[in-house]
Amino acid sequence: MTTQLSSPTANGPAPKPPGRSPRALWHLGVNAVVVVWLGLFAVVGSAHHFLPHAFWLLVHTLLLGAVTNAVVIWSGHFAASVLRLPEANRGAPAALRLVCLNAGAVAVIGGMFTDRWPVVLVGGCLVAAAVTAHAVWLVRLLRRALPGRFSMTVRYYTAAAALLPVGAALGVVMARGELGGDLPERLLLAHEMINLLGWVGLTVAGTLITLWPTMLRTRVADGAERAGRRALPVLLAGLGAAVAAALLGPPPLAAPGVVVHAAGLVIAGIPWVREARAKVPRSFAAWSVAAGSLWLAGALLFLAGTLLSTTSWITVGERTSLLTAPLAAGWIAQVLLGALGFLVPVVLGGGPTAVRAATAGLERAWPARLTVTNTALLLCVLPVPSVVRVICSVLLLVMLLYFLVLLVLTVVRGIRNRRKGTAGPAPAAEPVPAPGPAPAEAPARPHRVLGGVAFGLAVVMLAVAGGGAADVRSLPILERSAATSADGGEVTPTGRTTTVEVTVRNMRFSPASVDVPAGDRLVIELHNTGTDTHDLVLETGARTDRIAPGKRATLDAGVVGRDLDGWCSVVGHRQMGMVFGVRATGDGDGGTTSEGSEENGETAHDHGGTASEGTGESAADAFDPMAEPADGFTARDAQLPSAAEGSAPQVHRRTLTVKEAEAEVAPGVRQTLWTFDGTAPGPVLRGRVGDTFEITLVNDGTIGHSVDFHAGALAPDEPMRTIQPGESLTYRFKATRSGVWMYHCSTMPMSLHIANGMFGAVVIDPPGLPRVDREYLLVQSEFYLGEQNGTADADKVNAKEPDMVAFNGYASQYDHDPLTAKTGERVRIWVLTAGPNVPSAFHVVGGQFDTVFREGAYDLRPGGAERGGAQILDLAPASGGFVELTLPEAGDYPFVTHIMSDAERGAHGILRVR
């Protein structure tokens with residue numbers, strides 16, 4: 001990097017007081033916009049559990065907000081610099097482009113956040129218009145300038161800017177919804193390739209032609225400009241071929257385009273490698289850019305392999321979702337932060353001393369920061385426990401916040417020093433990174449770099465250890481030695497090892513038992529060929545880790561001298577039949593498990609199936625149907641949200657996050673529920689016939705889960721599959737028939753997942769549904785109480801022996817906080833029976849129904865010649881409907897299921913009429 005500095009001479013004017021040039025003020029102002037977007041990204045990352053479309057919001061605050069602003073700002077800066085027209089990148093036109101760009105970005109994000117597609121359309125048009133104007137300005141700048149060695153950089157910027165409006169148009173089309181078949185996946189991949197590899201990728205490649213050697217403080221390698229000229233058409237051809245195949249052909253046809261694009265990056269990058277070999281990177285900026293480039297290389301390799309390995313675009317969409325973190329955080333964010341770390345000190349100016357001081361401030365503890373960032377990101381993309389993934393995500397967020405704090409402190413300190421006149425001589429011209437070596441800085445000492453790397457690794461290792469310790473196993477184990485015979489005596493080791501392979505198929509171990517000569521050491525190779533996470537636990541305490549589908553694990557049982565029982569400890573899997581036996585043969589074989597072993601096995605069995613540690617106290621014993629809740633109790637709001645206005649079909653987008661939540665389900669009764677978005681029942685969805693629902697399921701639990709929407713008709717293989725902790729999928733369906741439909745987790749054992757809270761309702765209005773004065777939704781379900789603060793008792797679920805039945809997840813809650821109406825008002829009550837096992841006979845004591853709508857059709861409507869009425873709405877598990885009635889007198893009207901024993905277990909409430 002070189003900077004042009006003013007110096008007083010004998011015949012020249014006296015030096016001006018320290019101050020900030022208009023150019024520097026301009027750059028500080030526009031780059032503040034980038035920092036604001038990065039801060040917003042950090043806020044969204046911190047609060048993503050509470051925000052709709054959280055994943056989409058995270059990606060677009062970073063890429064559409066921070067990165068797109070940075071690309072426009074810095075491509076303009078570098079274009080003006082390499083063309084020797086430094087005054088060109090300021091003024092009203094540039095400011096107007098940035099205002100238009102940010103207004104568009106806010107509109108796109110706000111429109112998606114509020115599900116208003118016209119706002120998204122307007123925002124997309126503003127973004128496209130701003131970047132198109134930027135492209136036109138680049139072309140005019142190129143024509144105006146004299147031929148230059150590095151004008152090729154501006155051609156990269158122009159090509160990138162020409163691509164973004166195409167990518168924005170695809171994004172707007174996807175936001176509209178109503179896309180059938182695999183078109184959403186095709187459009188999404190095309191949108192991502194154009195925006196990431198085109199808009200961002202070409203800009204980065206063009207900038208690195210000159211910025212990379214400047215960061216390294218070395219000369220531009222011979223042939224770098226020629227390599228850049230050769231690479232650009234290759235990059236564009238590969239990208240065009242990949243996008244065309246994504247829109248028109250099968251996945252394997254897009255793979256060659258990705259490979260060609262990667263080849264273009266190799267052509268452009270060969271000089272960069274030579275420059276790095278000539279001058280090894282020694283700064284945060286250079287290593288951050290280098291690390292980002294490695295993440296890009298890995299992502300392109302994964303993308304090409306994915307496209308070649310499947311013919312289904314839906315499968316491609318699911319697999320490429322794994323690339324979001326590597327591309328956004330690994331590549332783009334690291335390149336952006338590295339560039340800001342290098343360029344902001346130059347913009348602050350103040351002379352070489354001030355630039356070095358500012359750079360040192362931004363590079364504080366950089367080896368540790370980069371190590372934490374890249375190691376944590378690597379763990380996030382590997383199949384680790386969800387708690388570890390969450391902790392690593394927090395580490396990434398902390399690293400971003402730390403950089404932002406350093407950036408703000410550096411800028412404030414630089415401005416303060418300039419005002420005090422302590423920063424050194426002011427620059428006479430805009431400090432522009434120029435090709436060629438820069439004044440040398442003191443390199444980081446090797447031992448400090450290694451110490452920082454070691455410290456970063458230690459931080460991540462502690463996080464992994466803490467996360468692993470917090471990944472509570474679902475079953476307490478009493479350890480007992482396997483090296484004893486059936487009568488309790490020690491068995492004589494034979495010195496031999498018996499190795500067996502056990503395969504998980506569906507919900508069974510195959511083989512279900514193995515014979516082992518007494519005294520042999522037993523090693524079990526477990527291969528999970530099922531669709532869910534499993535493990536193998538022996539009664540001695542020996543166990544495998546939980547392993548994902550397709551993975552393997554080894555269990556060393558030690559010397560075996562007696563029969564052993566084993567099982568899968570994932571909640572409910574043992575009750576579903578996932579049991580395993582080790583049979584000791586020969587002299588040490590006792591034929592049956594010892595009494596102590598049976599006792600221990602029974603104890604483990606009784607406490608099995610819990611994903612969290614209970615208190616040991618039975619929650620069923622704590623349940624009193626007549627108990628009063630604490631003062632200030634508020635029942636779940638049963639009022640049904642109205643459907644969206646308008647006759648045109650709507651697109652409903654929602655993120656449902658699987659969460660394990662402790663909740664009170666009756667006064668003094670607490671259970672750890674598996675939930676959609678933290679509540680059981682889950683969030684209510686409502687629409688009309690013809691509406692489209694796009695639901696993203698995110699699994700933040702500790703075991704596999706899934707979702708099945710009865711409101712849609714589609715093949716269940718892919719959208720209803722079980723996803724593991726930390727994974728997500730998008731479930732898309734069109735509502736073609738009216739009714740109140742159940743949604744629930746369909747992971748086996750399904751009964752237990754539903755009983756433990758994983759259910760909710762989708763209300764699809766019949767055409768012409770009239771308005772009423774009050775409209776409520778009641779979801780009936782039963783509870784099979786385990787320990788206090790534990791999960792449901794799987795044995796009770798299997799035996800169909802509920803302890804409690806409730807409306808909307810809390811026993812008798814509407815006795816204590818009644819539903820309300822006024823005399824003469826028309827009240828509509830929707831009822832869904834979620835089960836998993838118990839039916840309902842919904843009845844309002846003292847009321848008569850004049851309208852009954854059950855399972856998609858009216859059983860009764862007012863005005864019939866028979867003047868009939870109804871007293872119950874009878875519903876089997878997983879069925880629903882609504883009733884309407886008018887109550888002419890004030891008073892309290894109890895509502896119950898008329899299966900009276902269930903009403904006495906908590907399925908009871910009051911409709912208070914005034």
Side-chain angles (χ1 to χ4, degrees), residues 1 3 27-28 31-32 34-36 38-39 41-42 45 66 70 211 214-217 279-292 329-330 333-377 392 394-418 420 422-424 431 433 438-463:
M1 179 190 70
T3 54
H27 280 291
L28 286 176
N31 279 285
V34 179
V35 175
V36 168
L38 286 173
F41 170 76
L211 183 61
T214 307
M215 285 180 172
L216 297 177
R217 307 184 182 281
K279 191 73 175 290
V280 176
R282 296 179 181 273
S283 65
F284 165 77
W287 275 112
S288 186
V289 171
Q334 289 202 102
V335 169
L336 174 61
L337 297 189
L340 288 176
F342 180 79
L343 294 169
V344 167
V346 177
V347 168
L348 286 171
T353 302
V355 170
R356 282 194 290 269
T359 301
L362 287 175
E363 295 199 339
R364 190 175 302 166
W366 69 264
R369 287 158 50 198
L370 282 179
T371 302
V372 170
T373 297
N374 288 278
T375 307
L377 183 58
C392 288
V394 172
L395 288 176
L396 289 171
L397 186 61
V398 169
M399 291 300 100
L400 172 62
L401 290 172
Y402 186 71
F403 177 84
L404 292 179
V405 170
L406 291 180
L407 187 63
V408 172
L409 291 176
T410 299
V411 171
V412 171
R413 189 180 300 113
I415 294 174
R416 187 190 305 122
N417 290 339
R418 289 296 299 274
K420 291 179 180 179
T422 61
E441 292 182 4
R445 295 179 181 177
H447 71 277
R448 291 186 178 179
V449 174
L450 293 176
V453 171
F455 179 77
L457 288 173
V459 168
V460 179
M461 289 173 64
L462 287 173

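Just the heavy atoms: all of them, side chains too, but no hydrogens, waters or symmetry mates, feed the values below.
The two residues Gly292 and Val335 have their closest heavy-atom pair at CA-CG2, 4.4 Å. Between Ala42 and Leu400, the shortest heavy-atom contact is CB-CD2, 4.2 Å. Of all heavy-atom pairs between Met215 and Ser283, the closest is O-OG, 4.4 Å. Across every non-hydrogen atom of Ala376 and Cys392, the tightest pair is O-CB, 3.6 Å. Contact detail for Arg369 and Leu362: the closest heavy-atom pair is NH1-O, 2.9 Å. The minimum heavy-atom distance linking Ala70 with Leu336 is given by the pair CB-CD1, 3.5 Å.
Looking at heavy atoms from C-beta onward, Leu211 lies in side-chain contact with Leu343 at the 4.5 angstrom threshold. Contact check for Thr375 versus Met461: no side-chain heavy atoms found under the 4.5 Å cut-off. Taking 4.5 Å as the limit, some side-chain heavy atom of Leu337 sits within range of a side-chain heavy atom of Leu38. By the 4.5 Å heavy-atom criterion applied to side chains, Leu340 and Phe403 are counted as neighbours.
Atom OG1 of Thr373 sits about 12.5 Å away from atom CH2 of Trp366, to the nearest 0.5 Å. To the nearest 0.5 angstrom, Phe41 atom CZ is 9.5 Å from Leu401 atom CG. Separating the CD atom in Gln334 from the CG atom in Asn374 is a distance of 4.0 Å, to the nearest 0.5 Å.
For Ala368, the side-chain contact (heavy atoms from CB on, under 4.5 Å) partners at least two apart in sequence or on another chain are Phe455.
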